[in-house]
Amino acid sequence: MPRTIRFDRRSEELHFESASRRYRDVDGYVFHESELAQFKAVDLKNALQSAANLYEADEIDAFIVEGEIDEFDDEWSPPGPVQITIKKGILLVQIHIVTRAEEYDEETLPEVYRLILAPYLARRKAKLRDIEMTAEYHTAPYVWRIDIECDLRNRLARDLFEVGSDAIVLLEAVESGQLTRETTIELLRAGRSDALIGQPEGSWLDVKSAHYDLDTQHGKLAIAQAVARFANAEHGGIVVVGMRGKKVPSGEIIHSSCPVPIDGRTLRRYQSALENHLYPPPDLLEIEDFSNERGQGIVFVHIPPQPEELKPFLVHGAVVDGQVEGAFISIVRRRGEGSIPITAPAIHSTLAAGRALLRRGQLPTDPHNQ
């Protein structure tokens with residue numbers, strides 16, 4: 001259970017657990033990342049505000065370092081890119097981003113950051129308060145300071161640090177073009193599907209230029225199999241409808257955007273196709289869209305990594321010699337840019353293991369009924 005952190009006016013120190021911190025000449029206090037789980041965010045706010053009141057300061061920083069524990073309080077140990085600040089009574093997470101971003105200027109880059117961060121922060125119960133280029137850097141590489149205000153209820157100081165750290169990962173992914181499944185889904189939610197252009201399709205990313213034909217059994221089976229491939233794979237994946245791929249010598253890359261029509265029924269039709277043809281339902285599956293005022297955009301299905309006990313995911317129906325066979329079951333998984341069937345021996349071993357458990361009276365737990 002986390003304990004409190006408090007400010008002692010007599011010693012002018014912050015106290016938590018068996019540790020204490022004195023105000024440093026860097027205009028704040030220094031903590032190691034590992035210590036942030038020891039106290040609540042609201043208690044840190046109150047402690048820093050008490051210090052600010054004593055020093056009659058509008059702003060006091062809590063610097064966070066990630067180095068060796070026995071060196072973190074050394075004056076030569078530099079703080080990390082995330083810090084927590086009390087500013088005029090508001091506790092903020094401050095992050096620092098280094099960018100070359102030559103195509104953006106001081107006026108346009110903040111708006112780009114706002115669009116990217118808004119959906120991510122909303123999901124983390126936070127909001128962006130300010131973006132500003134630091135005064136020391138006006139030539140490349142540029143350093144930007146971003147202030148984030150978080151809901152403090154039921155949160156540790158560590159939770160605020162993680163909000164800032166993950167925001168940095170997201171923005172750096174845009175800068176470098178090195179996307180992960182997690183950063184890609186946040187970019188899609190922010191309407192920045194253009195950041196995917198030039199990225200390879202692969203083990204966790206698949207794009208389609210047009211809607212699956214959900215008026216036919218072929219189309220319903222196709223989307224169910226596309227999702228099942230990632231659900232049966234190790235790392236999950238994302239299916240994006242409304243982007244076009246292109247074959248290159250190294251494989252296939254995302255070549256361009258080709259927005260598809262989206263209306264109030266679109267997501268429900270995708271959901272219905274998966275509910276009727278994919279078993280069991282994947283954990284935490286998300287079907288979302290992003291569209292413009294003309295009703296054109298993208299649909300994306302996010303399949304997080306699935307528990308092994310739910311696998312294999314089965315598609316009810318298969319296409320045999322061009323014909324839909326509703327009584328068949330197909331099982332596929334993703335490998336690289338393509339898919340492979342799960343083999344008969346693999347299916348048999350899974351069933352045999354389950355039957356062996358049943359004979360011993362060890363019934364597997366259904367995770368959906370816990």
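Everything numeric in this text was worked out from a predicted model, so none of it was measured.
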* Close side-chain approach of Arg192 and Val112, heavy atoms under 4.5 Å -> yes
* Report the distance from atom CD1 of Ile197 to atom OG of Ser257, rounding to the nearest 0.5 Å. => 4.0 Å
* Can you measure from CZ (Arg6) to CZ (Phe39) and round to the nearest 0.5 angstrom? => 13.5 Å
* When hydrophobic residues are tied together by side-chain contacts of less than 4.5 Å, even through go-betweens, does Leu92 share a cluster with Leu36? -> no
* **Distance, nearest 0.5 Å, that separates OG of Ser209 from NZ of Lys246** => 14.5 Å
* To do: Output, in order, the C-alpha distance, side-chain angles, deciding distance and verdict of salt bridge (charged side-chain N to carboxylate O under 4.0 Å, His left out) for Lys247 and Glu201.
  => CA-CA 10 Å; Lys247 289 190 178 299; Glu201 291 189 75; over 6 Å; no
* Trace of the side-chain contact (heavy atoms from CB on, under 4.5 Å) decision for Gln94 with Lys87 -> CA-CA 11 Å; Gln94 284 190 343; Lys87 183 185 292 187; 3.7 Å; yes
* Can you measure from CG (Leu115) to CD (Glu111) and round to the nearest 0.5 angstrom? => 4.5 Å
* May I ask you to list the residues sharing a hydrophobic cluster with Val248, side-chain cutoff 4.5 Å, ordered by chain and number? => Ile253
* Please indicate whether Glu293 has more than 12 foreign heavy atoms, meaning atoms of other residues, nucleotides or ligands, lying under 6.0 Å from its CD. => yes
* Test applied, side-chain contact (heavy atoms from CB on, under 4.5 Å); reference residue, Val301; option that passes from Ile287, Ile238, Val240, Val241 -> Ile287
* Are Leu54 and Tyr29 co-members of a hydrophobic cluster defined by side-chain heavy atoms under 4.5 Å apart? -> yes
* **Heavy-atom pair with the smallest gap, counting every atom of Ile262 and Gly297** => CD1-C, 3.7 Å
* Check whether any side-chain N or O of Asn292 sits under 3.5 Å from a backbone N or O of Gly295 as a donor-acceptor pair, and report yes or no. => yes
* Are Arg189 and Phe300 side-chain neighbours, meaning at least one heavy-atom pair lies under 4.5 Å? -> yes
* Does the side-chain contact (heavy atoms from CB on, under 4.5 Å) test come out yes or no for Gln199 and Met243, once each step is laid out? -> CA-CA 12 Å; Gln199 294 294 315; Met243 302 196 78; over 6 Å; no
* Would a distance-only check, ignoring hydrogens and angles, find a side-chain to backbone donor-acceptor pair under 3.5 Å from Lys311 to Phe313? -> no
* Report the relative orientation of the aromatic rings in Tyr113 and Trp144; use parallel for angles under 30°, tilted for 30 to 60°, perpendicular for over 60°. => perpendicular
* Check ring-ring contact (aromatic ring centres under 6.0 Å, His included) between Tyr55 and all other residues, then give those that pass, not counting sequence neighbours. => Tyr23
* Can you get from Leu188 to Phe290 by hopping between Ile, Leu, Val, Met, Phe, Trp and Tyr side chains that sit under 4.5 Å apart? -> yes
* Got Gln296 and Ser291 here, is their nearest side-chain heavy-atom distance under 4.5 Å? -> no
* **Gap separating the CD1 atom of Ile5 from the CG atom of Leu14, nearest 0.5 angstrom** => 5.0 Å
* For Glu182 and Glu186, run side-chain contact (heavy atoms from CB on, under 4.5 Å): C-alpha distance rounded to whole Å, both residues' side-chain angles, the deciding distance at 0.1 Å, then the answer. => CA-CA 7 Å; Glu182 294 84 354; Glu186 295 296 348; over 6 Å; no
Determine all donor-acceptor pairs shorter than 3.5 Å in which one atom belongs to a side chain in residues 119-127; sequence neighbours excluded.
residue, atom, partner, partner atom, Å
Tyr120, OH, Arg124, NH1, 3.2
Tyr120, OH, Val163, O, 2.7
Arg123, NH2, Glu286, OE2, 3.2
Arg124, NH1, Asp166, OD2, 3.0

* Asked: Would you say Arg269 and His211 make side-chain contact, with heavy atoms under 4.5 Å?
  -> no
* Do any N or O atoms from the side chain of Ser272 and from the backbone of Arg268 form a donor-acceptor pair under 3.5 angstrom? -> no
* To do: Let me see the working for Asp147 and Arg145 under salt bridge (charged side-chain N to carboxylate O under 4.0 Å, His left out), right down to the final yes or no.
  => CA-CA 7 Å; Asp147 291 349; Arg145 192 202 72 242; 3.1 Å; yes
* Any chain of hydrophobic side-chain contacts (each under 4.5 Å) joining Leu109 to Leu187? -> yes
* Asked: Side chains of Phe230 and Gln306: closer than 4.5 Å at any heavy-atom pair?
  -> no
* To do: Before accepting this row, confirm whether a basic side-chain N of the pair Asp43/Lys45 lies closer than 4.0 Å to the acidic partner's carboxylate O.
  => no
* Asked: Could you go step by step and tell me if Val169 and Thr180 meet the side-chain contact (heavy atoms from CB on, under 4.5 Å) rule?
  -> CA-CA 10 Å; Val169 170; Thr180 65; 5.7 Å; no
* Nearest 0.5 Å, what's the CD1-CG distance between Ile185 and Leu170? -> 11.5 Å
* Asked: Would you say the side-chain atoms of Arg155 pair up with the backbone N or O of Asp151, donor to acceptor, closer than 3.5 Å?
  -> yes
* **Arg181 side chain reached by Ile303 side chain, heavy atoms, under 4.5 Å** => no
* Asked: Same hydrophobic cluster for Val93 and Ile86, using side-chain heavy-atom links shorter than 4.5 Å among ILVMFWY?
  -> yes
* More than 12 heavy atoms of other residues, nucleotides or ligands under 6.0 Å from CD of Glu234: is that the case? -> no
* Asked: Aromatic ring centroids of Phe161 and Phe31 under 6.0 Å?
  -> no
* Asked: Considering only heavy atoms from C-beta outward, does the side chain of Tyr212 approach that of Val239 to under 4.5 Å?
  -> yes
* Indicate whether any N or O donor in one side chain lies under 3.5 Å from an N or O acceptor in the other, for Asp263 and Thr266. => yes
* Decide yes or no for Leu179 and Leu205: does some side-chain heavy atom of the first lie under 4.5 Å from some side-chain heavy atom of the second? => no
